[in-house]
Amino acid sequence: MPPPEPVIIGHATLYLGDCLELLELLPALRGVDAVVTDPPYGIGYVHNGGGRGLVSGKTNLRPIHGDDRPFDPAPWLAVAGDKPILLWCADHYKTRLPASGRFLCWDKSCGQGAADNFVDAEFAWTNRKNARCIYRHFWKGAMRAGEDAPSRSGRVHPSQKPVELMRWCLDVARVGLGKTVLDPYMGGGSTGVACVTSGRKFVGVEIDPDYFAIACRRIEAAQR
Ligand SMILES: C[S@@+](CC[C@H](N)C(=O)[O-])C[C@H]1O[C@@H](n2cnc3c(N)ncnc32)[C@H](O)[C@@H]1O
């Protein structure tokens, strides 16, 4: 089977498809300089608003593709090798990660703690050693700071990460300017926007056509 044609937007190359299949079809994916991604976590999350992420089957809302089974980071650890890799929500699959490296914390309540049902922190893992490991950026349901505030680009994906957070990730993982970053689970494209607005090249893959279209639109707007 031939690989699908990518959508190329400036320094971003975007594929609609299954990243594990593409990894077999496109040897070039293994040549990227870094892997920065926010995969399905294997928790069966279905967005239901109000901070009450419910398990699949309890609502009519669309579940995240692949979230119904444990995430295996092995293929992406192999792609990265000694190069930078940063994986979000790594606490859900920490037993499948190397013992080395370190955890990073996104403090979503900005030091206020949890006074409601919303998750107040998320954790990533990286193979880079770095003194910085906490990032504060307010994000509570639809209430959001920065570029993704409702008055700007707003809410595009149930597991959306702030663009500012993803730019911080690129710096913490020490991804050099001009380097190429792979996000095999790009969702609404926050990693791609962070790359093209900070001087990095980007390769993204998304299996869901609706999220893929949103990522294309956001990355194109960011590049303009
Ligand atoms: C946690 S979300 C990423 C959200 C993203 N960080 C953002 O800010 O919008 C994971 C994404 O991976 C996609 N996905 C799941 N399995 C996939 C696969 N095998 N290949 C490509 N994309 C996949 C899902 O459709 C979902 O959009």
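Only heavy atoms go into these numbers, but all of them, side chains included; no hydrogens, no water, no symmetry mates. Just follow the structure's listing: the first ligand is 1, and inside any ligand the first atom is 1. Worth saying up front: this structure is predicted, and the values here are computed from it rather than measured.
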### Task
List the closest protein heavy-atom neighbour of atom 25 (O) of ligand 1: residue, atom name, distance to the nearest 0.1 Å.
Glu206 OE2, 2.6 Å
### Gly17 near ligand 1 by a heavy-atom separation under 4.0 Å
yes
#### Entry: Nearest non-hydrogen protein atom, atom 16 (N) of ligand 1
His65 CD2, 3.4 Å
### Query
Does a donor on one side chain sit under 3.5 Å from an acceptor on the other, for Thr197 and Arg167?
yes
### Query
Between Tyr211 and His157, how do the two ring planes meet: parallel, tilted or perpendicular, split at 30° and 60°?
tilted
#### Entry: Ala215 contact mode with ligand 1 (heavy-atom cut-off under 4.0 Å)
neither
### Query
Taking distance alone, with no angle check, do Ile64 and ligand 1 share an N/O pair under 3.5 Å?
no
### Message
Could you check whether Arg128 and Thr126, counting side-chain N and O atoms only, form a donor-acceptor pair closer than 3.5 Å?
### Response
no
### Identity and separation of the nearest protein heavy atom to atom 19 (N) of ligand 1
Asp18 OD1, 3.2 Å
### Task
Say whether Gly188 and ligand 1 are in contact under the criterion: heavy-atom distance to a ligand atom below 4.0 Å.
yes
### Message
Is it the case that the side chains of Asp120 and Ser109 hold a donor-acceptor pair, with the cut-off being a distance below 3.5 Å and no angle test?
### Response
no
### Query
Backbone or side chain, does any N or O of Arg218 fall under 3.5 Å from an N or O of ligand 1?
no
### Task
Give the residue and atom name of whichever protein heavy atom lies nearest to atom 10 (C) of ligand 1, and the separation in Å to one decimal.
Asp38 O, 3.4 Å
### Message
Between Asn127 (side chain only) and Lys83 (backbone N and O only), is there a donor and an acceptor less than 3.5 Å apart?
### Response
yes
### Query
Does some non-hydrogen atom of Met166 fall short of 4.0 Å from ligand 1?
no
### Query
Out of Met186, Lys161, Met166, which residue meets the side chain to side chain contact (heavy atoms under 4.5 Å, CB included) rule with Asp38?
Lys161
